[in-house]
Trainee: 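Have a look at this one before I ask anything.
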Amino acid sequence: MAGTVTLGQALNRALRDALAADDSVVVYGEDVGPLGGVFRVTDGLTAEFGEERCFDSPLAEAGIVGTAVGMAMYGLRPVVEMQFDAFSYPAFEQVVSHVAKMRNRTRGRLELPMVIRIPYGGGIGAVEHHADSSEAYWAHTPGLRVVTPATPSDGYSMLREAVDSPDPVVFLEPKRRYWTKEEAVLPVRTAPMDRAVVRRSGDDVTLLAYGPMVETALEAAAAAAEEGTSVEVVDLRSLSPFDDATAAASVRRTGRAVVVHEASGFAGYGAEVAARLTEQCFHYLEAPVLRVCGLDVPYPPPVLEEHHLPSVDRILDAFDRLQWERTWTAAPAPAEVGA
Amino acid sequence: MKRSDDARGSAPPLPSVEPVGLVDPTGRRTEGAAYDTPEPGALLALLRGMVIGRRFDRQASALARQGRLAVYPSSRGQEACQVGGALALADRDWLFPTYRDCVSLVARGVDPVEVLTLLRGDWHSGYDPRRHRCAPQCTPLATSAPHAVGLAWAARRAGEDAAALVMMGDGATSEGDAHEAFNFAAVWKAPVVFLVQNNQWAISVPVDKQSAAPTLAHKAVGYGMAGVHIDGNDAAAVYAAVSQALEAARDGGGPTLIEARTYRLDPHTNSDDPGRYRDDAERARWEERDPLARLEALLRAEGALDDAAMDGFEKEAEITAAAVRERYSGDDETAPEDLFAHVYHSIPAQLERQRRDLLAEIGEG
């Protein structure tokens with residue numbers, strides 16, 4: 001497959017190739033069979049591989065993930081789909097109490113090579129419960145690998161790697177980017193899925209983004225370049241484990257960092273990134289690490305979501321707040337204020 | 001691909017409201033029993049397993065009182081379910097036990113010391129799940145039930161003639177995961193048997209506050225699977241019912257929900273106080289329905305058991321208990337760096353830093 005490919009098509013191709021490569025791979029979930037999934041990521045898989053390999057299950061997320069645990073215990077490599085981010089919450093206990101812990105509980109005697117695919121994030125004008133960014137819940141749980149691709153090539157490569165991984169992987173698919181196009185040749189292998197990559201090189205500030213925000217970050221970097229600011233964009237890709245080396249190397253060089261994500265900022269993933277960068281790069285930093293995040297509100301209705309989602313302008317505003325006055329001057333003494 | 005409404009199957013028969021048994025509390029065979037009574041050899045194995053299991057349980061309770069186990073949830077009174085369920089399994093089958101099913105694991109052949117690893121607090125699970133085909137003991141309620149369904153489905157897909165037995169309590173049947181597991185198992189016709197040990201109490205909450213169903217076994221009907229209600233203090237009945245359900249499951253007949261009516265004679269754990277919620281007279285009534293005495297009486301009356309055989313079982317039980325005591329006199333072998341070894345297949349950089357820091361902190365780095 002060469003030419004223009006969307007993220008959705010790349011993920012579909014990854015599943016198809018994974019099913020063809022390994023008979024222990026099974027794909028199931030809600031509407032993933034003949035319909036091909038509500039986003040068509042499993043399109044054609046039942047027809048090609050049969051109902052034993054790609055099938056519809058009862059509509060119950062804890063049951064889907066829970067049965068996948070048993071299949072993985074037996075030696076299969078199940079790939080299950082949670083139809084939407086907020087619909088994955090019934091499976092929360094299965095994921096945090098069992099999927100994440102089975103290897104540890106059994107001292108490595110039982111491993112769970114399974115993938116939980118979750119379309120996540122907003123920006124598609126969906127009604128409530130269809131636009132959550134749930135990454136912090138999963139990333140907070142030791143034992144899970146949490147990854148999110150931003151490009152079709154990465155979508156293909158990272159999903160193939162996730163299926164082959166001996167660890168359980170929460171695979172977060174940025175649903176607003178399912179239709180993002182790229183000139184690509186599939187199959188393709190990009191950087192390992194546990195590594196961050198530099199998407200655009202720059203010297204003045206490091207902009208760290210992942211999933212749906214990578215495209216926005218690249219737009220912001222292009223806009224900043226026109227204003228004379230050179231922005232390095234780091235696509236984190238792996239939210240857990242975190243690739244400290246790549247992120248810190250960039251920030252040490254630029255001396256400034258902004259983290260961007262759709263999820264609410266409070267106790268969000270960006271707080272972890274900012275804390276790690278501050279701990280590891282403090283003496284290189286010219287300014288505090290800033291966050292550009294969704295508001296601390298429940299995900300808004302479609303007509304208001306533009307106010308919630310980080311935009312290019314909001315990222316540019318953050319750049320402006322990075323204390324570019326290199327010669328730091330003391331604030332005026334209190335007595336002089338208003339004098 | 002598409003199915004019509006009339007593709008639905010016929011409803012399974014309703015379970016009996018009265019529990020079905022093979023041997024009554026006085027040790028006599030019941031009239032018109034629903035199952036064939038197991039062979040004398042199987043009955044002797046059940047009695048032996050229950051004698052050893054009860055002694056093991058008593059030893060574990062003692063260790064908990066001495067502070068040598070972090071906690072112990074006794075299954076005294078439930079030996080018929082514990083042993084009858086485990087012995088009905090073939091080697092190729094899988095057992096999915098809960099924290100209260102230690103006796104079941106011992107009956108399955110798991111090293112008693114390794115069974116207690118969780119409750120001693122050395123690690124979360126001590127035995128190799130693959131060696132005896134026993135999943136780790138599950139502490140959250142009903143959450144291992146869908147695991148069993150998935151594993152059984154995978155075994156059938158692989159062409160293996162194996163089934164899975166899931167243990168759960170009456171309280172667990174209220175959990176959403178129980179519902180989802182029942183439903184997945186029935187829809188997939190997975191070779192699974194759900195053994196609900198209805199011991200009447202979910203810590204302090206009686207079963208009539210859990211469910212308004214006529215029996216818990218009646219729940220099966222709504223899922224389109226077989227449901228049976230048996231006397232859970234009758235080891236012969238538990239063994240026969242679980243054996244038959246496992247056989248049906250392996251033959252493609254789908255899952256069965258078995259409710260075994262029994263009683264938790266001891267507190268929920270050694271830190272519980274049942275005096276706050278139940279009448280001791282109730283416990284005393286259930287003591288009279290003792291599963292061991294019942295089977296022993298039957299076997300003696302029918303000439304299948306003599307004093308020498310019974311003494312032999314009791315000696316084995318003492319040996320088991322003594323071995324547990326002795327092996328628990330040493331230190332555990334859990335090392336701090338084990339904390340990092342099995343979180344992932346290989347240790348990521350951020351965990352490796354924490355591992356080095358911890359070892360330095362405790363002077364081993």
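We use all heavy atoms of the structure for the numbers below, so side chains are in, but hydrogens, waters and symmetry mates are not. Proteins get letters first, then strands, A, B, ... in listed order; numbering begins at 1 in each.
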Trainee: Side chain from CB out, backbone as N, CA, C, O: work out which of these in A/E52 comes under 4.5 Å of a heavy atom of chain B, or both, or neither.
Mentor: both
Trainee: Do you know which two heavy atoms are closest between A/V32 and A/T42, and how far apart they sit?
Mentor: O-OG1, 2.7 Å
Trainee: Which bit of A/R145 is near chain B, if near means a heavy-atom gap under 4.5 Å: side chain, backbone, both or neither?
Mentor: both
Trainee: Is it the side chain or the backbone of B/A155 that comes within 4.5 Å of chain A heavy atoms, both, or neither?
Mentor: both
Trainee: Is it true that the side chains of A/T67 and A/Y28 contain a donor and an acceptor less than 3.5 Å apart?
Mentor: yes
Trainee: Which residue out of A/P241, A/P78, A/P142, A/A100 racks up the most heavy-atom pairs below 4.5 Å with chain B?
Mentor: A/P241
Trainee: Please state whether the side chain, the backbone, both or neither of B/P348 comes within less than 4.5 Å of a heavy atom of chain A.
Mentor: side chain
Trainee: Using non-hydrogen atoms and a 4.5 Å limit, figure out which bit of B/Q137 sits close to chain A: side chain, backbone, both or neither.
Mentor: backbone
Trainee: Hey, what do you get for CD (A/E30) to CE (A/M82), rounding to the nearest 0.5 Å?
Mentor: 6.5 Å
Trainee: Pick one of side chain, backbone, both or neither for B/V187, based on which atoms fall under 4.5 Å of a heavy atom in chain A.
Mentor: side chain
Trainee: Give, as side chain, backbone, both or neither, the part of B/A190 having an atom under 4.5 angstrom from any heavy atom of chain A.
Mentor: neither
Trainee: So, B/Q210 versus B/S174: side-chain donor-acceptor pair below 3.5 Å or not?
Mentor: yes
Trainee: Kindly compute the distance separating CE (A/M73) from CZ (B/F96), expressed to the nearest 0.5 Å.
Mentor: 4.0 Å
Trainee: Less than 4.5 Å to any heavy atom of chain B: does that hold for the side chain of A/A62, its backbone, both, or neither?
Mentor: both
Trainee: Please classify the contact of B/D128 with chain A as side chain, backbone, both or neither, using a heavy-atom distance under 4.5 Å.
Mentor: both
Trainee: Among B/T98, B/L119, B/D101, find the one that has a side-chain contact (heavy atoms from CB on, under 4.5 Å) with B/P73.
Mentor: B/L119
Trainee: If we define contacts as heavy-atom pairs under 4.5 Å, which of B/D177, B/V149, B/T143 has the most with chain A?
Mentor: B/T143
Trainee: Can a cation-pi geometry be assigned to A/R107 and B/W123, taking NZ or CZ under 6.0 Å from the six-membered ring centre and within 45° of the ring axis?
Mentor: yes
Trainee: Using only atom types and a distance under 3.5 Å, with no angle test, would you say the side chain of B/D338 pairs donor to acceptor with the backbone of B/A335?
Mentor: yes
Trainee: Checking heavy atoms, do the side chain of A/D243, its backbone, both or neither come under 4.5 Å from chain B?
Mentor: neither
Trainee: What part of A/F55 gets within 4.5 angstrom of chain B, counting heavy atoms only: side chain, backbone, both, or neither?
Mentor: side chain
Trainee: For A/F87, I'd like to know if atom CZ has over 12 heavy atoms of other residues, nucleotides or ligands within 6.0 Å.
Mentor: yes
Trainee: Check each atom of B/R353 against the heavy atoms of chain A and say whether the ones under 4.5 Å are side chain, backbone, both or neither.
Mentor: side chain
Trainee: Taking B/Q350, B/H179, B/H124, B/H345 one by one, which has the highest count of heavy-atom pairs under 4.5 Å against chain A?
Mentor: B/H345
Trainee: Measure B/L118 against the heavy atoms of chain A and call it side chain, backbone, both or neither at under 4.5 Å.
Mentor: neither
